[in-house]
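In what follows, a single structure is set out as structure tokens and then discussed.
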Amino acid sequence: MGLHEIARAALTYDAAEAAALVDRLMSPPTTRRWTTLTTDGGFVMASLSERDPAIGHLDLLAVHPEAQGRGRGRELVAAAEEWLRAEGATQARFAGNPPAYAWPGIDVRYTAAACLAESAGYERYHVAWNMTARLPVPEAEEPLRPGVELHASGPDEDRSHVATFVEREWNDRWAWEAANATGLHYATLDGEIVAFAAWGARPTWFGPMGTAPAARGLGLGGVLLRRCLADQHAAGLTEAQIGWVGPLRFYSRAVGARTERVFWLYQRDLR
């Protein structure tokens, strides 16, 4: 039984993108230390944080329904913890390890996974959420000040110039996501990149996006957001997940997005 098959059967709320999630986690940044551990009917993917190698992540745990109820999940968690300890981790988390991650944490609808984490000694330390935008979103005018130009970058194009801008203004994780996204839109002001928005770095989800301080207030965020969502609709999606949301009001006002998926983040000491 392959990883894709197990993931599609186990991830009942994410079956359509389960295979893509596995593939994304198996193609992380080259600097990441990660592994996949398997048992009959199940697997776990684990990795170390690049920013703090003392923190380990259980990125994806899946047990086929036919193999559930036999302690496979607990065995896989223990195996992942053993691997993380051997790699020098002193803490394990059921939490996303950006930039290549499956979810911010455990979706609260996967009750059995949350129960497993808590029974294994993990404590909840944070809550994250997604917003959902129905597609297509209403079209809006794009009034742009003189000197502003909009650009679309295909997945096979060189995105190093955008990634350099994103890393300078934000961080290397967002830069990796911009470079590896399915769709990427950006804006220039007088020839200089000042804003970007991406989708599909985490399969099918929107994000990240950002506008440099010098260009805020020009409406570029809303324009680039709608362009990405139009791409997602053209790709066959009827809803867009806006992942790991911070500014609720912006997405609500810009595209009528609603808060929906909620994730619990767990951690436990491995020492």
Side-chain angles (χ1 to χ4, degrees), residues 4 6-25 28 44-45 47 57-63 65 73 93-118 122-137 173-174 177 180-183 197-210 221-222 225-226 228-233 235-267:
H4 288 174
I6 294 171
R8 278 192 292 264
L11 305 177
T12 53
Y13 297 108
D14 301 273
E17 61 181 9
L21 287 178
V22 172
D23 292 342
R24 168 52 74 210
L25 292 174
V44 63
M45 305 181 78
S47 64
H57 294 261
L58 283 76
D59 298 303
L60 178 57
L61 173 67
V63 178
R93 294 181 177 179
F94 276 98
N97 186 10
Y101 64 97
W103 302 280
I106 296 176
D107 186 321
V108 297
R109 297 174 299 176
Y110 288 113
T111 305
C115 290
L116 172 61
E118 293 182 5
Y122 287 78
E123 296 183 351
R124 196 185 316 163
Y125 71 94
H126 193 58
V127 177
W129 52 85
N130 284 6
M131 297 183 77
T132 303
R134 294 191 181 279
L135 304 178
V137 297
R173 296 173 295 175
W174 278 20
E177 290 185 85
N180 289 275
T182 301
W199 72 274
R202 189 282 185 196
T204 76
W205 287 11
F206 171 83
M209 70 171 294
L225 166 63
R226 286 191 293 272
C228 283
L229 297 187
D231 284 355
Q232 292 178 270
H233 183 245
L237 297 178
T238 58
E239 291 185 337
Q241 287 285 301
I242 303 171
W244 224 323
V245 171
L248 293 174
R249 295 179 64 195
F250 167 75
Y251 291 110
S252 177
R253 290 179 175 180
V255 294
R258 65 186 186 276
T259 306
E260 192 171 58
R261 297 188 73 171
V262 176
F263 304 89
W264 289 338
L265 283 65
Y266 287 92
Q267 64 186 12

How close do Leu229 and Ala240 get, heavy atom to heavy atom, and via which atoms? CD2-CB, 3.6 Å

Can you tell me how far CD1 of Ile242 sits from CG of Asn130, rounded to the nearest 0.5 angstrom? 8.5 Å

Contacts of Glu123 meeting side-chain contact (heavy atoms from CB on, under 4.5 Å) (sequence neighbours excluded), chain-then-number -> none

Residues two or more places apart in sequence or in another chain: which of them pass side-chain hydrogen bond (donor to acceptor under 3.5 Å, both in side chains) with His126? none

Could you pull out all residues at least two apart from Ala95 that satisfy side-chain contact (heavy atoms from CB on, under 4.5 Å)? His57, Arg93, Tyr125, Leu265

So which heavy atom on Pro104 is nearest to which on Ala128, and how close? CB-CB, 3.8 Å

Looking only at non-hydrogen atoms, find the nearest pair between Leu25 and Ala100 and report the distance. CD2-O, 3.7 Å

With Pro136 via side-chain contact (heavy atoms from CB on, under 4.5 Å) - residues at least two apart: His233

Checking the side chain of Arg258 only, and the main-chain atoms of Ser252 only, is there a donor and an acceptor separated by less than 3.5 Å? no

Looking at every heavy atom in both Ile106 and Ala117, which two are closest together, and how far apart are they? CD1-CB, 4.0 Å

Using the test ring-ring contact (aromatic ring centres under 6.0 Å, His included), find all partners of Tyr110 that sit at least two apart in sequence or belong to another chain. Tyr13

So salt bridge (charged side-chain N to carboxylate O under 4.0 Å, His left out) across residues 106-116, not counting sequence neighbours, yields Asp107-Arg109, Asp107-Arg261

Minimum heavy-atom distance Val22-Ala7, with the two atoms named: CG2-CB, 3.9 Å

Name all residues meeting the side-chain contact (heavy atoms from CB on, under 4.5 Å) criterion together with Thr259; count only those two or more places apart in sequence or in a different chain, and write none if there are none. Trp129, Met131, Leu248

Decide side-chain contact (heavy atoms from CB on, under 4.5 Å) for Glu260 and Gln241; before the verdict, give the C-alpha distance in whole Å, the side-chain angles of both, and the deciding distance to 0.1 Å. CA-CA 9 Å; Glu260 192 171 58; Gln241 287 285 301; 3.6 Å; yes

For Thr12, the side-chain hydrogen bond (donor to acceptor under 3.5 Å, both in side chains) test, sequence neighbours excluded, returns none

Answer yes or no: is there an ion pair linking Arg124 with Glu118, defined by an N-O contact shorter than 4.0 Å? yes

Do Leu116 and Tyr122 come within less than 4.5 Å of each other through their side chains, counting heavy atoms only? no

Got a sec, which residues hit ring-ring contact (aromatic ring centres under 6.0 Å, His included) with Tyr266, two or more places apart in sequence or on another chain? none

Close side-chain approach of Leu225 to Val137, heavy-atom, < 4.5 Å: no

Do Arg24 and Asn180 pass the side-chain contact (heavy atoms from CB on, under 4.5 Å) test, and can you show the C-alpha distance, the side-chain angles, and the key distance before you say yes or no? CA-CA 10 Å; Arg24 168 52 74 210; Asn180 289 275; 4.2 Å; yes

Tightest non-hydrogen contact, residues Ser47 and Asn97, listed as OG-ND2, 2.8 Å

Could you work out, with side-chain hydrogen bond (donor to acceptor under 3.5 Å, both in side chains) as the rule, every residue matching Arg253, not counting sequence neighbours? none

Validation row: Val255, Arg134 side chains within 4.5 angstrom (heavy atoms): no

Could you go through the side-chain contact (heavy atoms from CB on, under 4.5 Å) check for Leu21 and Trp103 one step at a time? CA-CA 9 Å; Leu21 287 178; Trp103 302 280; 3.7 Å; yes

With a cut-off of 3.5 Å and sequence neighbours excluded, list every side-chain donor-acceptor pair involving residues 203-210.
{"unit_1": "Thr204", "atom_1": "OG1", "unit_2": "Glu17", "atom_2": "OE1", "d": "2.6"}

The ring-ring contact (aromatic ring centres under 6.0 Å, His included) partners of Tyr101 (sequence neighbours excluded) come to Trp244

